[in-house]
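Notes for the one structure printed next.
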Amino acid sequence: MLRERVTSNLKSKTTKAGWVLPRASSSFADADAWTNIDCDVTPIDRRTWSAWTMFGYWFSDALNAQSWMAPASIIAIGLTWREAVVCIIFGSLVCTVPLVLNGMVGARLHIPFPVAMRASFGWYFSRFAVVTRAITALFWHAIQTYTGSTAMTQIIRSIWPSYLDIPNHIPESVGITTQGMVSHLIFWSVQFPILLIPPHKLKWFFVAKCVLVVTTSVAMVITMTSKAGGSGEIWTLPYGVHGSERSWLILSSLSSITGGWATMATNIPDFTRYLKTEKGVYWQVLFLPGIQLMLGLFGIICCSASKVVYGKYIWDPLEIAAQWDGPAGRCGAFWIGLSWVVAQIGTNLSANVISCANDICCLFPKYINIKRGVIIATITAAWIMQPWKIIHSAQSLLAFMAGLGIFLAPIAALLSADYWVVHRQKYDVPGLYRAHGRYRYNKAGTNWRAVVAFLVSVVPSLPGMAATVDPKLAPSVGDASKLYYMFYFWGYTSAFVVYTLLSHFFPAPETHIPATIFDDSDVISGEADKDSDAPDVTDEKLSGKVDTSPV
């Protein structure tokens, strides 16, 4: 019986029709359109997240090797640990503004990011924002996965030290060794089934990661300071730059910290849609800066101690663990490797692969749900994109990826401005799912106000971005590069202001409604909910009106 079912299922997948997903029976979509449960309003039985889940979520996202090493780039350019701490705190605080504003869209309306963007960008232009976010997620998923493979190396070599002696049969031009490829395969194989867990069931994974990574990080700090007989001398390092150059570098570092969270500030509705109430959104103001500062200080202390113990500054926690040998040392390396394996998987879950899967399934709802989107995203990022080549030989590409924040800043700003200022927190939820609904704007399905605001935000920063990717262009760019030093501040603020002004002086009256519309019955009966800020009313109105059957 089982064999027959498997054979029948495989045969059905040989045709295009075999990949079609069941249509959601209570979808708001047009009769000739297609959607599925992952694109629809989140059913009430999937709203399982609380403020504590958000706390675990941000630990899952922020606790990764890149956050540990965040102070490295700041100190390496000539600033001190003081500037590193200030940049981490204020850079993270700035990012909490769009996180809260956009997170509330998901928490109140329970819609994903691709659907929410239709209100400001229009039916078709919103796909540009979705594709931009998806591409960014793929790149970062590739890099985070490769970093996780280095953590897996520490786990394996702590048990079998000879693992490091595997002969290399891969050409140097490929950018990875045989041993590295084995680690990458093992890590990806461990990560893959975890990525397939539905988002609304992930809260305990986030909590588990929080406990494991924090405990191991504290133990690592204690171990390194004990070995060094103190925390080292990094606290007394002199400034490497002075005057106006120092001021610009501080501003650049602030913007880089903020831009590093540009992806999450953009598509945070993909996760807040699972909240029971909106209160969990506000806690992000404390969660993100606090976690970032804690991990940054851990990195500074361990790096300083490594100078005393090993004679050089080591910012990478996995590289520090690689120095530990003997029974006790390998035991410590095992736990550090395990912690960062869990950390990287958690970051891929919370920041990259689920977000990309959401984007893909809303672009192709007839054939792709979140589970299929995850499979496509992780195979593409881990294998087709070959992250070892990105890390090994494309520093300019890494700089370009960091610069993608200039495209994400206006997208986040337009979502914030549209919901809070232009439409005053009143959306027509069913209208967001209809190609010819009130948010189409014109035949092209494009809100020209969003286009203008986007260009005003992005274009001035492009010369500075080009000079960063290719330093040879720096002389021709000149002082224009200074605007790139504050690309997120400029990008978010300018897009927010320009879009708000254009929408005020050239309004689209068909998109303005007196109260939030949660369901078609609100329009038919004329009894639209008058309190758009009450999440409990939202839950009550939507319960039982969205198909919750599994896909």
Side-chain angles (χ1 to χ4, degrees), residues 23-24 27-36 39-41 102 105 109 111-135 266-267 269 358-368 407-408 410-459 494-520 522-524 528:
R23 187 194 297 265
S27 169
F28 294 135
D30 298 317
D32 59 342
W34 206 280
T35 187
N36 57 57
C39 295
D40 263 332
V41 176
N102 295 338
V105 177
L109 305 180
I111 56 177
F113 158 74
V115 173
M117 289 308 303
R118 295 169 184 169
S120 55
F121 275 56
W123 180 264
Y124 288 119
F125 189 46
S126 65
R127 297 180 183 181
F128 169 78
V130 173
V131 170
T132 301
R133 173 63 185 98
I135 292 174
T266 303
N267 73 296
N358 261 307
D359 296 339
I360 298 174
C361 80
C362 286
L363 288 172
F364 308 101
K366 187 174 183 177
Y367 300 99
I368 300 176
F407 299 99
L408 296 175
I411 293 174
L414 294 177
L415 177 57
S416 303
D418 188 79
Y419 180 71
W420 289 93
V421 181
V422 176
H423 288 110
R424 300 181 181 276
Q425 307 166 55
K426 299 177 179 68
Y427 273 1
D428 174 5
V429 176
L432 290 169
Y433 287 88
R434 288 165 184 160
H436 297 278
R438 69 175 74 247
Y439 300 111
R440 186 179 179 89
Y441 288 96
N442 50 41
K443 292 182 179 180
T446 300
N447 183 4
W448 65 267
R449 305 157 193 83
V451 176
V452 173
F454 184 86
L455 293 176
V456 169
S457 170
V458 170
V459 171
S494 62
F496 193 106
V497 172
V498 171
Y499 180 74
T500 300
L501 291 176
L502 289 176
S503 298
H504 176 74
F505 290 107
F506 306 97
E510 72 277 7
T511 67
H512 294 275
I513 53 179
T516 298
I517 299 174
F518 294 109
D519 204 339
D520 285 327
D522 293 336
V523 180
I524 296 172

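Since we're looking at a predicted model, the values are computed, not measured.
- The side-chain hydrogen bond (donor to acceptor under 3.5 Å, both in side chains) check on Asp359 picks up nothing, with sequence neighbours excluded.
- Within the 4.5 Å cutoff, side-chain heavy atoms of Thr132 are placed close to those of Leu408.
- You'll find the side chain of Val451 reaches within 4.5 Å of the side chain of Thr446, heavy atoms only.
- Annotation: side chain of Pro269 is in contact with side chain of Leu415 (closest heavy-atom distance under 4.5 Å).
- Residues passing the side-chain hydrogen bond (donor to acceptor under 3.5 Å, both in side chains) test with Ser457, sequence neighbours excluded: none.
- Applying the side-chain hydrogen bond (donor to acceptor under 3.5 Å, both in side chains) test to pairs two or more places apart or on separate chains, none has a residue in residues 118-130.
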Which side-chain N or O atoms in residues 495-509 pair as donor and acceptor under 3.5 Å with protein atoms at least two apart or in another chain?
residue: Tyr499; atom: OH; partner: Asp418; partner atom: OD1; Å: 2.6
residue: Tyr499; atom: OH; partner: Asn447; partner atom: ND2; Å: 3.2
residue: Thr500; atom: OG1; partner: Phe496; partner atom: O; Å: 2.7
residue: Ser503; atom: OG; partner: Tyr499; partner atom: O; Å: 2.9

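- Distance alone, capped at 3.5 Å, places no donor-acceptor pair between the Tyr439 side chain and the Arg434 backbone.
- Closest of all the heavy-atom pairs between Ser416 and Asn102 is OG-OD1, 2.7 Å.
- Proximity of Leu109 to Phe518: side-chain heavy atoms (C-beta onward) are separated by under 4.5 Å at one or more points.
- Here the closest non-hydrogen pair linking Thr516 and Lys426 is OG1-CA, 3.5 Å.
- The shortest side-chain heavy-atom distance between Val429 and Ile111 falls under the 4.5 Å cut-off.
- For His512, the ring pair (Phe, Tyr, Trp, His ring centres under 6.0 Å) criterion is met by His423, not counting sequence neighbours.
- Tyr441 is linked by a ring pair (Phe, Tyr, Trp, His ring centres under 6.0 Å) to nothing, counting only residues two or more places apart in sequence or in another chain.
- The residue from Phe121, Phe454, Phe407 that alone fulfils the ring-ring contact (aromatic ring centres under 6.0 Å, His included) condition with Phe128 is Phe454.
- The closest side-chain heavy-atom distance from Ile517 to Tyr427 is not below 4.5 Å.
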